[in-house]
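Structure record follows, encoded as structure tokens.
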Amino acid sequence: MSLRIPYPQLQQELKRVLLSLSFSEERAEHCATIFAQNSRDGVYTHGLNRFPTFAQAVRQGLIHPAAEPECVEQNGALERWDGNLAPGMYSAWVCMERAVFLAKEHGIGCVALRNTNHWMRGGTYGWQAAEAGCIGICFTNTIANVTPWGGKEARLGNNPLVIAVPRGEKPPVVLDMAVSQYSYGKLSTYATRQESLPVPGGYDQQGKLTTNAADILASERALPIGFWKGSGLSLVLDVLLTALSGGRSTAAITRSGTEAGVSQCFIALHQPNMHAALIEEILSYTKSGAPSETGGQVFYPGEQSFATRQDNLAHGIPVEEDIWQQVQQM
């Protein structure tokens with residue numbers, strides 16, 4: 001990606017396209033900002049690179065630009081919402097904002113969301129909670145694209161999980177992980193570059209573990225993290241989401257043939273007197289060990305994203321030239 005685009009230019013170009021797709025001024029501004037911020041932080045697969053797919057889903061009627069998520073049930077600090085197929089990143093932002101509000105009132109807030117769409121980068125909502133002074137936990141289900149341990153067909157989602165912890169004025173700790181060994185966005189990156197994965201990431205169409213990302217994308221059989229442990233975690237997250245939201249499970253999403261109408265959960269925890277010194281002690285201890293034989297460096301989750309953000313704001317956001325031209329022609 002040799003071309004670099006200033007952040008404001010990228011955000012405005014995405015907004016222009018969204019306005020042409022019948023988004024309101026406010027909604028276009030909000031969604032374009034999330035897409036641009038994802039690329040700004042180095043998550044290109046869920047920023048500009050994902051934008052043409054998002055625009056196509058809007059044209060196909062899978063995403064409703066003017067729809068508004070709504071609360072359909074309240075039970076103290078726990079609420080159930082319906083996304084009404086609004087843009088996924090907008091509904092996710094609204095629901096985490098509501099979870100933070102509940103947490104500051106009750107100490108904890110939980111919003112379970114059904115009938116929503118892809119939220120793009122899950123870490124966005126972890127950062128959102130942390131910047132509001134709350135611990136944030138959120139997770140989503142997906143179409144079946146992970147093979148359960150002991151099986152040979154995809155029956156689980158890669159069901160991303162996000163946990164974020166604020167650090168006052170310092171960048172928060174933000175874990176943003178798929179339950180598959182590699183997210184499908186990362187697999188696409190390796191496949192485009194025709195590079196082998198560092199470790200096996202899934203199965204080819206003959207059922208053999210492989211480091212060939214293109215073969216895994218073709219088979220749609222990603223490997224769960226930790227083998228049987230990741231398999232169990234994916235299943236339990238799907239069970240939790242469906243039970244809390246009353247929405248669609250991975251099985252129901254897969255039967256529909258399209259990854260739309262997914263289920264998500266947003267949890268915020270507010271502790272005004274959080275022991276910040278203990279958090280710093282943990283991070284310092286973790287990073288204090290000797291480097292690996294290959295000269296690696298230890299980072300806490302979210303540390304590299306923040307560093308990438310600073311670099312991209314200073315020098316422009318790297319973009320795939322063909323995708324950038326495609327968006328400009330929309």
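- Within the structure, salt bridge (Lys or Arg N to Asp or Glu O under 4.0 Å) pairs that include any residue of residues 212-225 do not occur (at least two apart or interchain).
- For the pair Glu303 (side chain) and Tyr300 (backbone), a donor-acceptor distance under 3.5 Å is present.
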Pairs under 3.5 angstrom only: tabulate donor-acceptor contacts from the side chains of residues 268-276 to other protein residues two or more places apart or in another chain.
| unit_1 | atom_1 | unit_2 | atom_2 | d |
| --- | --- | --- | --- | --- |
| Gln271 | OE1 | Asn273 | N | 3.2 |

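- Checked by atom type and distance alone, the side chain of Thr258 never pairs as donor or acceptor with a backbone atom of Ala260 at under 3.5 Å.
- Between the side chain of Arg27 and the main chain of Pro65, a donor-acceptor pair closer than 3.5 Å is present.
- Side chains of Glu68 and Tyr90: a donor-acceptor N/O pair is present below 3.5 angstrom, by distance only.
- Residue pairs that meet the salt bridge (Lys or Arg N to Asp or Glu O under 4.0 Å) test with at least one member in residues 155-178, sequence neighbours left out, are Glu153-Arg155, Arg167-Glu280, Lys170-Glu280.
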Decide salt bridge (charged side-chain N to carboxylate O under 4.0 Å, His left out) for Asp311 and Arg4; before the verdict, give the C-alpha distance in whole Å, the side-chain angles of both, and the deciding distance to 0.1 Å.
CA-CA 11 Å; Asp311 182 70; Arg4 283 183 175 257; 3.6 Å; yes
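- Not one N or O on the side chain of Glu79 forms a donor-acceptor pair closer than 3.5 Å with the backbone of Cys71.
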What donor-acceptor contacts under 3.5 angstrom involve side-chain atoms of residues 225-239, with partners at least two apart or in another chain?
| unit_1 | atom_1 | unit_2 | atom_2 | d |
| --- | --- | --- | --- | --- |
| Ser231 | OG | Trp149 | N | 3.1 |
| Ser234 | OG | Gly157 | O | 2.7 |
| Ser234 | OG | Asn159 | ND2 | 3.2 |
| Asp238 | OD1 | Asn141 | ND2 | 3.0 |
| Asp238 | OD1 | Thr250 | N | 3.2 |
| Asp238 | OD2 | Thr250 | N | 3.3 |

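- When atom types are taken as modelled, the side chain of Ser284 and the backbone of Glu281 share no donor-acceptor pair closer than 3.5 angstrom.
- In the model, Glu29 has a side-chain atom that pairs as donor or acceptor with a side-chain atom of Gln11 under 3.5 Å.
- Of the possible polar contacts, none joining the Thr147 side chain to the Gly151 backbone as a donor-acceptor pair under 3.5 Å is found.
- Ring geometry, Tyr182 versus Tyr190: the interplanar angle exceeds 60°, so the pair is classed perpendicular (tilted spans 30 to 60°).
- Taking the six-membered ring for Trp and the full ring otherwise, Phe35 and Phe54 have centroids separated by under 6.0 Å.
- Between Thr124 and Arg121, the side chains place a donor N or O and an acceptor N or O closer than 3.5 Å (distance only, hydrogens not considered).
- Using cut-offs of 30° and 60° for the angle between ring planes, the Phe306 and Trp127 rings count as parallel.
- A salt bridge is absent between Glu70 and Arg80; no separation between the charged side-chain nitrogens and carboxylate oxygens falls under 4.0 Å.
- When hydrophobic side chains of Ile, Leu, Val, Met, Phe, Trp and Tyr are connected at separations under 4.5 Å, Ile143 ends up clustered with Ile253, Val262.
- The backbone N or O of Gln206 sits less than 3.5 Å from a side-chain atom of Asp204, completing a donor-acceptor pair.
- Glu25 pairs by the side chain to side chain donor-acceptor pair (under 3.5 Å) definition with Lys15, not counting sequence neighbours.
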